[in-house]
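Reading through the structure tokens given below for one structure.
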Amino acid sequence: MLGKAVVVFVLAWAVVSLGLGVVRIDAENYTVRVRTPASIAQAERGDEFAKSLPAIDASLPRSASVLVVWVSSLSGFPESSGGIPIASDPEAPVWWAYSVGNYYLYPRRVLVSTNPADAASTNVDVLIIVRSPADSEPAVVSGLTPASVYTSPTQVVTVYRRTGSP
Amino acid sequence: MIAVLLPTLAIAAYLVICYLTGRMFGALIWTELPAPTIAGLPVLGAGVLAGQLWLYGLVHIPWNLVTLLLPWLVLGVATWKRFGSAIGSDVRRTTLAAREDWAQLDSLSVILVVVGTVIALTYVLNLITEPLTGFDAFANWLYKAKVFYLSNAVNESLLVLPGTGDPGGLGSSIDTVLHREYPPLFPTMVATIYVIIGRPDGLTGKAINVLFLASSTVAVYTMVRWMLGARWAVVFGFLAVSLPTFAKSLYTTDYMGYADFAVGVCMLLGLVNLHLAVSGAAPVTRVIAAIFAVEASMVKDEGVVFVVAVLLVLGVVVLRPAWIGGRRENQRMSRFLPYPLILVPFLGWKLWVRASGFHQQHVPSLSDLVLGLPNLPVNSVRIVSDLRPALTIHSDFGWLAVAIALSLALLLVDRTRYAMAAGVVVFVQLLGYWLAWVYSPIPDFIVVTSYERLAIQLAPMLLVLLAIGLRRYVGAGEALLTNGEVYAVSRATTSRGSPTV
């Protein structure tokens with residue numbers, strides 16, 4: 001009896017998984033996937049800050065020190081965890097900027113601040129300001145000049161570099 | 001097209017290199033291995049290569065393709081007769097088995113094979129082409145892999161920390177995201193891919209789960225084929241690929257699941273080899289079971305419970321005859337001594353973490369466990385209540401819950417040592433999860449954020465446990481290599497249901 005029950009259970013599990021598998025295969029656009037390199041797909045996902053980092057990484061010397069000033073109220077997190085929206089965590093922007101910034105810009109040291117005043121008093125080689133389009137750009141310490149700007153409907157990322165640095 | 005082809009080739013090369021390394025490592029001890037053991041050799045090889053890089057970091061040998069592969073090339077040439085014969089045997093046996101199995105398949109089996117293959121290929125395509133969006137990847141696993149690769153060392157002290165002057169105020173709480181105390185094997189495996197392709201490309205590195213998918217599918221298939229025959233092997237092999245639970249790791253690449261499938265597969269391979277060892281396969285399967293168990297403990301902390309359970313069962317297997325045989329069998333006691341030595345890398349890591357002052361997850365002391373006893377019933381009810389919404393027939397969790405109940409029922413009926421050994425390991429692991437939940441200071445949060453990940457870890461082992469339970473009811477004679485000879489598990493069973501070997 002138990003053996004039969006297990007046999008029926010396993011077969012039913014396989015048939016249900018088969019149905020779900022067919023649905024998944026049917027929903028997949030294989031042509032687009034094969035034709036889209038991961039680097040292109042990467043550029044289409046995430047916030048503007050994360051998207052801009054590969055280009056920023058390529059333009060900076062490995063020894064540069066970096067400060068990210070996150071003025072935007074957006075967290076940058078693309079999703080939630082277990083149904084709990086991470087973006088609701090007040091520290092979320094800091095975690096996101098610190099983690100993504102260090103991932104892409106390693107071995108450079110990336111510090112993060114949510115205080116706009118830090119942009120006016122820092123002595124780093126590179127300053128990255130992340131803000132909403134509606135926010136005004138905070139005052140920046142003298143000696144740092146704009147090097148590049150990355151814009152999306154929800155974020156403006158401005159990169160400042162110390163004048164005269166390589 | 002080329003941009004997709006290149007990472008695919010890189011991952012395929014990694015898989016082949018891992019298999020060859022694992023095969024060479026295995027062939028040093030034993031040429032002929034049971035098919036389920038061979039299925040795990042790529043994961044064994046991945047662990048060996050990562051261990052090699054770890055060692056290189058300690059003695060300041062640079063990490064590159066030449067330093068990584070040259071020792072194996074030399075060893076391969078030196079032991080070509082033995083190594084070549086092992087590979088030749090693997091290829092011959094695989095070809096023969098595939099031909100035999102294909103001839104036996106009915107219509108449903110063919111559909112499962114075709115759909116299962118398409119699902120597996122879809123996973124591979126996704127793992128290669130999906131962008132990197134998971135926070136865990138940036139903050140933890142792939143960040144560490146990049147740091148290890150660029151530093152040529154497995155050293156979590158090299159991660160960039162905010163420091164005391166950090167204006168963002170992350171300070172000491174950084175370990176709750178970076179998890180410097182986590183075992184480093186998984187990121188070091190990813191770093192091995194970087195060594196092979198020559199750059200720290202996270203988009204390719206995240207596809208490492210292709211290796212674990214290949215090993216787990218073949219291991220489940222060959223194990224069930226041995227126990228229940230080809231048609232059941234197709235059913236269980238299909239489940240090993242298609243369970244929606246695994247899609248979290250293999251299809252989506254968002255917040256979680258980067259190392260959970262890996263630790264689940266290491267535990268599966270440990271269980272498979274343990275079951276082979278208990279069933280009388282070549283003694284090397286005991287050693288390999290212990291190696292996979294410690295590999296699991298070095299991928300994620302959840303593997304610690306598993307390694308303890310495996311050593312417990314191996315201890316009983318090796319020491320029981322000595323216990324029964326009295327003085328005459330005392331020399332057997334010494335045979336168990338090498339097994340706990342396999343724990344050396346894990347204990348070494350834990351000592352280093354403690355010496356480095358990294359934050360560690362709270363582990364309850366004995367007094368915590370005793371003092372917390374009165375809260376257990378309330379916490380247990382809360383956990384069941386938290387899990388209840390997920391336990392539906394529309395999700396895998398309902399099916400997995402029934403699978404756990406049925407496995408337990410099968411064990412209670414089939415109390416042979418073959419079934420009990422596997423059952424003890426799986427249910428000790430399950431008990432470990434449960435205790436971690438009930439003793440957690442915030443059980444509701446922990447349960448909701450972890451049950452999906454723990455299901456990924458547990459599901460592969462549950463499939464094998466169900467198949468072991470079915471062995472009593474669905475016998476099918478298949479050959480298993482042991483001690484260089486072939487013996488068969490026949491349909492005939494003893495009065496207690498154990499297979500006649």
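Residue numbering restarts at 1 for every chain, and letters A, B, ... go by the order of the sequence lines. Quick note: numbers below take in every heavy atom, side chains included, and nothing from hydrogens, waters or symmetry partners. This structure is a prediction, so every number in the text was calculated from the model and none was measured.
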A:V7 versus B:W232: any side-chain heavy-atom pair under 4.5 Å?
yes
A:L2 side chain near B:L406 side chain, heavy-atom distance below 4.5 Å:
yes
Here the gap from A:S99 atom OG to B:Y143 atom OH, rounded to the nearest 0.5 Å, amounts to 8.5 Å
Contact winner vs chain B - A:V68, A:L11, A:N115, heavy-atom pairs under 4.5 Å:
A:L11
Heavy-atom proximity to chain A below 4.5 Å, by part of B:F236:
side chain
What part of B:S450 gets within 4.5 angstrom of chain A, counting heavy atoms only: side chain, backbone, both, or neither?
neither
Do B:L121 and A:Y30 make a side-chain contact, defined as non-hydrogen atoms from C-beta onward lying under 4.5 Å apart?
no
Shortest non-hydrogen separation from A:A14 to B:V235 and the atoms involved
CB-CG1, 3.9 Å
Turns out that what part of A:A12 lies under 4.5 Å from chain B's heavy atoms comes down to both
Rounded to the nearest 0.5 Å, what separation is found between the CZ atom of A:R33 and the CD1 atom of B:I128?
11.5 Å
Contact class of B:L142 relative to chain A, heavy atoms under 4.5 angstrom:
both
Just how far is it from atom NZ of B:K144 to atom OH of A:Y106, taken to the nearest 0.5 Å?
13.0 Å
Using a 4.5 angstrom heavy-atom cutoff, name the option from A:T122, A:V10, A:V100 with the most pairs to chain B.
A:V10
Identify, with sequence neighbours excluded, every residue that meets salt bridge (charged side-chain N to carboxylate O under 4.0 Å, His left out) alongside B:R199.
B:D201
Note, B:S242 side chain near A:R24 side chain (heavy atom, < 4.5 Å)
no
Residue part contacting chain B, namely of A:L20, when any heavy atom lies under 4.5 Å
side chain
Examine whether an atom of B:A403 lies under 4.5 Å from a heavy atom of chain A, and if so say whether it belongs to the side chain, the backbone or both; otherwise answer neither.
both
If you define the side chain from C-beta out and look only at heavy atoms, does anything of A:T36 sit under 4.5 Å from B:T129?
no
How far does CH2 of A:W96 sit from CZ of B:F138, to the nearest 0.5 angstrom?
5.0 Å
So CG of B:L466 and CH2 of A:W13: to nearest 0.5 Å the spacing works out to 6.5 Å
What heavy-atom pair brings A:S17 and B:L243 nearest, and what distance separates the two atoms?
OG-CD2, 3.8 Å
Any sub-3.5 Å donor-acceptor pair from B:K146's side-chain atoms to A:P107's backbone N or O?
no
Would A:K4 pass as a cation-pi partner of B:Y473, given that its NZ or CZ must be under 6.0 Å from the six-membered ring centre and within 45 degrees of the axis?
no
Quick one: CD1 on A:I25 to CD1 on B:I119, what's the gap to the nearest 0.5 Å?
4.5 Å
